[in-house]
Amino acid sequence: MLLVDRETMQNIDSYAINEIKIPSLCLVERAALSVMENINLDIRHSFALIVSCGNNGADGLALARNLLAISKDCDIYIIGNKNKASKDFIINYNACKNLTENIYSIETIEDMNFLRKNLDRVNTIVDGIFGTGLNRPVSGIYANIIDLINEKNIYTISIDLPSGFDANGENNYGSYVDSDLIVCMQILKKGLYEDNYFRDKTVVCDIGLPQIAIEKFVNV
Ligand SMILES: NC(=O)C1=CN([C@@H]2O[C@H](COP(=O)(O)OP(=O)(O)OC[C@H]3O[C@@H](n4cnc5c(N)ncnc54)[C@H](O)[C@@H]3O)[C@@H](O)[C@H]2O)[C@@H](O)CC1
Ligand SMILES: [K+]
């Protein structure tokens, strides 16, 4: 079984994008579609997509765009500073803005209260807060939102990793999303494999990272 730690996955992503010149946006789109393929769209009609402004969030917004395209009910909640967002995030954010008015920034206690109330109207949460970019324990509003997701007991799909959970499985990062399903991109992360609880809830999906990029950093 092929496993990677955070640094190796970041090296593979970066080699594929910067050396092989695969557009990052294409990988994000594949990531989003691979999550979509793992959603039972016959029973899941209402979604809360909770994202921060990195590429895990870009995957989440690309998924929102694709769900909106088939007229699914989507509320999008953004945490963090959009001025520092990744370019793939911004591209998908701009498209989402033209597809729905239900996009909310979560910054204040009032925003949190709104989120707490509004989450009750959906039957599915998509967690696009952190993936392999997580490099320190979550705190502040990020921890509060993760705790709220867990409190709600709504079916929750995490993109790549449960947000707050360490890809390397080495550090106890405090709060992390108690996901029902994790759609892990391309290669299983070591931390998920080593965690009995999450391993059984994880599916790994190909997003088009080429074998030569993988073999450069992993003994296959
Ligand atoms: N272009 C790429 O590199 C691709 C990335 N993909 C997705 O993007 C994810 C990685 O994206 P990013 O590297 O942008 O990072 P993330 O989106 O995982 O995290 C966003 C940013 O949060 C910050 N951060 C880390 N720990 C934090 C904490 N505790 N509190 C607050 N902020 C914190 C970091 O600056 C990090 O860059 C993957 O897990 C995957 O879902 C895939 O879509 C494939 C392509
Ligand atoms: K996530």
Side-chain angles (χ1 to χ4, degrees), residues 4-36 48-63 66 77-93 106 125-146 149-150 156-168 171-192 198 201-202 204-210 213-214 217:
V4 280
D5 61 16
R6 175 177 45 251
E7 294 74 15
T8 309
M9 194 66 233
Q10 288 172 334
N11 285 336
I12 294 168
D13 281 339
S14 152
Y15 185 82
I17 294 162
N18 298 315
E19 304 299 325
I20 303 180
K21 307 290 181 196
I22 296 179
S24 173
L25 192 61
C26 294
L27 297 173
V28 165
E29 191 71 9
R30 279 284 293 269
L33 293 176
S34 72
V35 178
M36 191 143 158
L49 299 107
I50 306 180
V51 301
S52 75
C53 299
N55 267 356
N56 197 254
D59 293 350
L61 292 186
L63 173 61
N66 282 287
Y77 301 97
I78 298 174
I79 325 163
N81 186 349
K82 281 201 295 292
N83 295 328
K84 294 186 180 163
S86 74
K87 75 179 179 343
D88 299 331
F89 178 100
I90 295 293
I91 290 168
N92 281 292
Y93 172 69
I106 304 298
I125 294 174
V126 175
D127 152 32
I129 306 172
F130 298 118
T132 51
L134 184 86
N135 55 14
R136 57 187 186 278
V138 288
S139 58
I141 192 147
Y142 294 96
N144 294 340
I145 289 174
I146 289 170
I149 292 171
N150 292 341
T156 299
I157 303 170
S158 286
I159 302 176
D160 206 18
L161 284 159
S163 292
F165 186 78
D166 175 24
N168 295 357
N171 300 299
N172 180 358
Y173 271 8
S175 294
Y176 52 77
V177 173
D178 181 4
S179 325
D180 294 286
L181 173 69
I182 301 143
V183 182
C184 181
M185 302 311 156
Q186 194 78 39
I187 310 175
L188 186 57
K189 312 304 181 289
K190 183 171 157 278
L192 289 175
F198 281 140
K201 296 170 183 258
T202 302
V204 181
C205 289
D206 199 330
I207 60 163
L209 288 166
I214 296 170
F217 300 97

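Order of appearance sets the numbers: ligands from 1, and atoms from 1 within every ligand. Positions are given from 1 along the sequence.
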* Asked: Within the stated cut-off of 3.4 Å, is an N/O/S atom of G131 closer than that to the K ion (ligand 2)?
  -> no
* To do: With a 4.0 angstrom cut-off on heavy atoms, strictly below it, pick out the residues next to ligand 1 and order them by chain and number.
  => D13, I17, S24, L27, V28, A31, G54, N55, N56, D59, F130, G131, T132, G133, L134, N135, R136, P137, V138, Y142, D160, I207
* Is the Y142 ring parallel, tilted or perpendicular to the F130 ring (thresholds 30°, 60°)? -> tilted
Counting only pairs under 3.5 Å, give me each side-chain donor-acceptor contact of residues 19-28, with atom names and distances, residues two or more places apart or in other chains.
{"unit_1": "K21", "atom_1": "NZ", "unit_2": "N18", "atom_2": "O", "d": "2.9"}
{"unit_1": "S24", "atom_1": "OG", "unit_2": "D88", "atom_2": "OD2", "d": "2.5"}

* Structure fact -> With V177 as partner, the option from I125, I146, I145, V138 fulfilling side-chain contact (heavy atoms from CB on, under 4.5 Å) is I146
* Could you confirm whether I159 has any N/O/S atom lying under 3.4 Å from the K ion (ligand 2)? => yes
* With distance as the sole criterion, is a donor-acceptor pair present between the side chains of T8 and N11 under 3.5 Å? -> no
* To do: Output the distance between atom CG (D13) and atom CD (Q186), rounded to the nearest 0.5 Å.
  => 9.0 Å
* Modelled atom types, side-chain donor and acceptor of T156 and D127, under 3.5 Å -> no
* To do: Please work out the angle at the K ion (ligand 2) defined by atom O of F130 on one side and atom O of L161 on the other, rounded to 10°.
  => 90°
* Hey, is there an N, O or S on G128 sitting under 3.4 Å from the K ion (ligand 2)? -> no
* Run the numbers on N168 and E7 for side chain to side chain donor-acceptor pair (under 3.5 Å), then give the verdict. => CA-CA 9 Å; N168 295 357; E7 294 74 15; 3.3 Å; yes
* To do: Assess D127: does it contribute an N, O or S atom lying under 3.4 Å from the K ion (ligand 2)?
  => yes
* Is there a donor-acceptor contact under 3.5 Å linking the side chains of N66 and E29? -> yes
* Asked: Has S158 got an N, O or S atom lying less than 3.4 Å from the K ion (ligand 2)?
  -> no
